Number of protein chains: 2
Amino acid sequence: MINILIADDHEIFRQGLKILLISSNDPEIAIVGEVSNGKDASSFIEKERPDVAILDISMLEMNGLEVAKEAYKKGLETKIIILTMHKDPIMVKKALQYGVCGYVLKDNAIDDLLFAIRSTTIGGKFISPSISDKLFSPQNNKNIDNTKKDITNREKEVLKLITKGFTNKLIAEKLFISRKTVETHRARIMSKLDIHNVAGLIKYAISTGLS
Amino acid sequence: MINILIADDHEIFRQGLKILLISSNDPEIAIVGEVSNGKDASSFIEKERPDVAILDISMLEMNGLEVAKEAYKKGLETKIIILTMHKDPIMVKKALQYGVCGYVLKDNAIDDLLFAIRSTTIGGKFISPSISDKLFSPQNNKNIDNTKKDITNREKEVLKLITKGFTNKLIAEKLFISRKTVETHRARIMSKLDIHNVAGLIKYAISTGLS
DNA sequence: TAATGATTGTGATATATGTCATATGTTTCT
DNA sequence: AGAAACATATGACATATATCACAATCATTA
């Protein structure tokens, strides 16, 4: 039996996924849990220790990658499969750093996911063909190499406010710090993420579920 | 028999939805088509005239609302149900203007969708409780009333480039127009959408599937 | 044809952003 | 205890954005 946790913020999606997995001709699969945000996923994994956790990236409270990171740090045995719409190689790279066993796109077929689940039982890593092609192309290796650093909690806080459309001045007032400090945070965030304008910041925040 | 088209850009989601609908205890439902972008949805509806089209909003080429608008203009009989993650009342308002018969959220249960489908047969409109509550609250009526105008194609073009992080100057160069003209477009977009900063623009673009 | 809307442009002005370099306490980890 | 990372702050400077008001050209349509 493979005990599986499903974490995704859309109920209809979870319901569909559940029935797809159950009605696959793989009798080994059992859905033991279903959560709608990252925090719940993280505590479920720690308490219940499912064999496999299928995680969306964009979720409230904690995103899927953060959940994966937590589980990795704690050395839990649960195998993580990321199931997301995000094709950004950076995401995949991060996921692999956090020890995930699978990375499948939502616009792949269910068979890809089933394959990923099965491959966890023999200890391999499965990355959807549609994304692994891009990932391992010679061009991209340059970009992929310079790992983006994680941003700090305070920086996340600032980033969140930036994505809400607040100006540096307003953010400063909200956080009771100087406008200059906000600018420093902003600059550091952009430097860490290698992004050089607001547009990029917003898209980053949305894609990581921060906003 | 209710003939249904499903339009969503994520294959796994489509597969899950299909099996959920088919295995509902409603024997009336038949899935007659499945497409992954707005353009295909639009032409399928025109050619095949399904009874019901279930449309996601965020799709390539054309978003679900545009598909609904097209069908509405052409006076097609296909009933449109929007199935999306977007809770923004503006979206709902727009959808209703384009004559959709249902608006259901992806984080609602499948039963809400089934109810929406059934209500099309008797000619009603169904809006998920979780969103209709917000929509018809006294506070929101003010905001909802001043209908946001549609932005023009040129403005969309400019908006797309803004969301890619290009500066006004670069956009001007790309479109072979003056920087001042770009600024005018930018100002008009913001005025039409009642948005006052880049952050809002980006989020708007993403939520309407433009970016 | 007259009206409307889309597209293009200009000028002026106050704020805001992006990019430098630099510095000082405070945590946190080894 | 010492190193590394974090949060805070400042100054300077070039660019960019947001918000006014105004106007000419072109296409569509009522």
Side-chain angles (χ1 to χ4, degrees), chain A residues 66 69-70 72-75 94 97 146-205 210-211, chain B residues 66 69-70 73-75 97 146-205 210-211:
Chain A
E66 288 169 332
K69 193 179 177 182
E70 281 273 312
Y72 184 64
K73 270 190 182 169
K74 290 179 191 156
K94 265 193 176 173
Q97 281 174 346
N146 55 357
T147 310
K148 290 180 185 175
K149 287 176 201 156
D150 286 342
I151 61 176
T152 67
N153 284 332
R154 190 55 157 179
E155 284 160 0
K156 267 184 204 169
E157 210 171 341
V158 172
L159 179 50
K160 245 186 230 178
L161 293 172
I162 292 174
T163 64
K164 283 188 182 156
F166 291 108
T167 63
N168 287 339
K169 200 172 146 196
L170 282 173
I171 295 173
E173 283 167 19
K174 252 187 186 304
L175 299 181
F176 303 107
I177 55 179
S178 144
R179 205 192 75 240
K180 280 312 233 172
T181 306
V182 178
E183 285 171 20
T184 305
H185 284 310
R186 192 181 199 123
R188 196 155 296 155
I189 294 165
M190 292 200 285
S191 139
K192 278 186 182 174
L193 301 177
D194 198 24
I195 290 170
H196 306 279
N197 49 58
V198 197
L201 286 185
I202 314 280
K203 287 197 278 188
Y204 172 86
L210 199 73
S211 156
Chain B
E66 287 169 332
K69 192 179 180 182
E70 281 272 312
K73 271 191 181 166
K74 290 179 189 154
Q97 280 173 348
N146 56 356
T147 310
K148 288 179 184 177
K149 287 175 199 156
D150 285 342
I151 61 175
T152 68
N153 284 332
R154 190 56 156 180
E155 284 160 359
K156 267 182 204 168
E157 209 170 341
V158 172
L159 179 50
K160 243 184 236 179
L161 293 172
I162 291 174
T163 63
K164 282 187 183 157
F166 291 108
T167 64
N168 287 338
K169 198 171 147 197
L170 281 173
I171 295 173
E173 283 167 19
K174 253 189 185 304
L175 299 181
F176 302 106
I177 57 180
S178 142
R179 204 192 76 239
K180 283 309 245 172
T181 304
V182 178
E183 285 172 19
T184 305
H185 283 310
R186 192 181 198 123
R188 195 154 295 156
I189 293 166
M190 291 200 283
S191 139
K192 278 186 182 175
L193 301 178
D194 198 23
I195 289 170
H196 306 279
N197 49 58
V198 200
L201 285 185
I202 313 281
K203 286 197 276 189
Y204 173 86
L210 199 73
S211 156

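Please read these numbers as outputs of a predicted model, since none were measured by experiment. Chain A is the first sequence line, chain B the second, and so forth, proteins listed ahead of strands; every chain is numbered from 1.
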Between the protein and nucleotides 20-30 of chain D, list every N/O to N/O distance that falls short of 3.5 Å.
none

Could you list the protein-to-nucleotides 26-28 of chain C atom pairs, N/O on both sides, closer than 3.5 Å?
none

Taking only N/O atoms, report every protein-nucleotides 11-15 of chain D pair under 3.5 Å with atom names and distance.
{"residue": "D:dG11", "atom": "N7", "partner": "A:Lys180", "partner atom": "NZ", "Å": "3.0"}
{"residue": "D:dA12", "atom": "N6", "partner": "A:Lys180", "partner atom": "NZ", "Å": "3.2"}

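Regarding contacts with the backbone of D:dA16, every side-chain N or O of B:Asn168 stays at 4.0 angstrom or more from both OP1 and OP2. Residue B:Thr181 places at least one side-chain N or O closer than 4.0 Å to OP1 or OP2 of C:dG9.
The pair B:Lys69-B:Glu66 fails the salt-bridge criterion, with no side-chain N (NZ, NE, NH1 or NH2) lying under 4.0 Å from an Asp/Glu carboxylate O.
Remark: P of D:dT17 and CD1 of B:Ile202 are 11 Å apart, rounded to the nearest angstrom. One interatomic measurement links the two molecules: CZ of B:Arg186 to P of C:dT10, which rounds to 18 Å at whole-angstrom precision. Summarising the geometry, the separation between NZ on A:Lys192 and P on C:dT19 is reported as 16 Å, rounded to the nearest angstrom. What separates CG of A:Leu175 from C1' of D:dA7 is a distance of 12 Å, to the nearest Å. The separation between B:Ile189 atom CD1 and D:dT17 atom P is 13 Å, rounded to whole Å. One can place CG of A:Leu161 at 12 Å from P of C:dT17, the figure rounded to the nearest angstrom. Distance NE2 (B:His196) to P (C:dT15): 18 Å, rounded to an integer number of Å. In this structure, A:Phe176 atom CZ and D:dA7 atom C1' are separated by 17 Å, rounded to whole Å.
Between the CG atom of A:Leu159 and the OH atom of A:Tyr204 there is a distance of 7.5 Å, given to the nearest 0.5 Å. Going from atom CD of B:Glu157 over to atom CD1 of B:Ile171 covers 10.5 Å, rounded to the nearest 0.5 Å. To the nearest 0.5 Å, atoms CD1 (A:Ile162) and NZ (A:Lys156) are separated by 14.5 Å.
Side chain of A:Lys203 to backbone of B:Ile202: no donor-acceptor contact under 3.5 angstrom is found. At distances below 3.5 Å, not a single donor-acceptor pair connects side-chain atoms of B:Asn168 with backbone N or O atoms of B:Glu183.
Evaluation of the salt bridge (charged side-chain N to carboxylate O under 4.0 Å, His left out) rule for A:Glu173 yields no partner, not counting sequence neighbours. Legend: residues meeting side-chain hydrogen bond (donor to acceptor under 3.5 Å, both in side chains) with A:Glu70, ordered by chain and number and at least two apart, are A:Lys74.
Nearest heavy atom pair, residue B:His196 against residue B:Met190, reads C-SD, 4.0 Å. Closest heavy-atom contact between B:Glu155 and B:Lys192: OE1-NZ, 3.0 Å. Nearest heavy-atom pair, A:Ala205 versus A:Thr163, reported as atom, atom and distance to 0.1 Å: CB-CG2, 3.4 Å. Scanning both residues, B:Phe166 and B:Lys174, for their nearest heavy atoms gives CZ-CE, 3.5 Å. Shortest non-hydrogen contact noted between B:Ile195 and B:Leu201 is CG2-N, 3.6 Å.
When the nearest nucleotides of DNA chain C are assigned to B:Asn153 and B:Arg179 by heavy-atom distance, the more 5′-ward of the two goes with B:Asn153.
Computed from C1' positions of five pairs at each end, the angle between the two local axes of the helix from C:dT1-D:dA30 to C:dT30-D:dA1 equals 60°, rounded to 10 degrees.
Checked against D:dT19, D:dA16, D:dA7, the side chain of A:Thr152 finds its nearest nucleotide in D:dA7. Distance from the side chain of A:Met190 is smallest to C:dG18 among C:dG18, D:dA7, C:dT7. You'll find that the side chain of B:His185 is closest to C:dT7, out of C:dT7, D:dC6, D:dT10.
Two residues are said to be in side-chain contact when any heavy atoms from C-beta on lie closer than 4.5 Å; A:Arg186 and A:Val198 meet this criterion.
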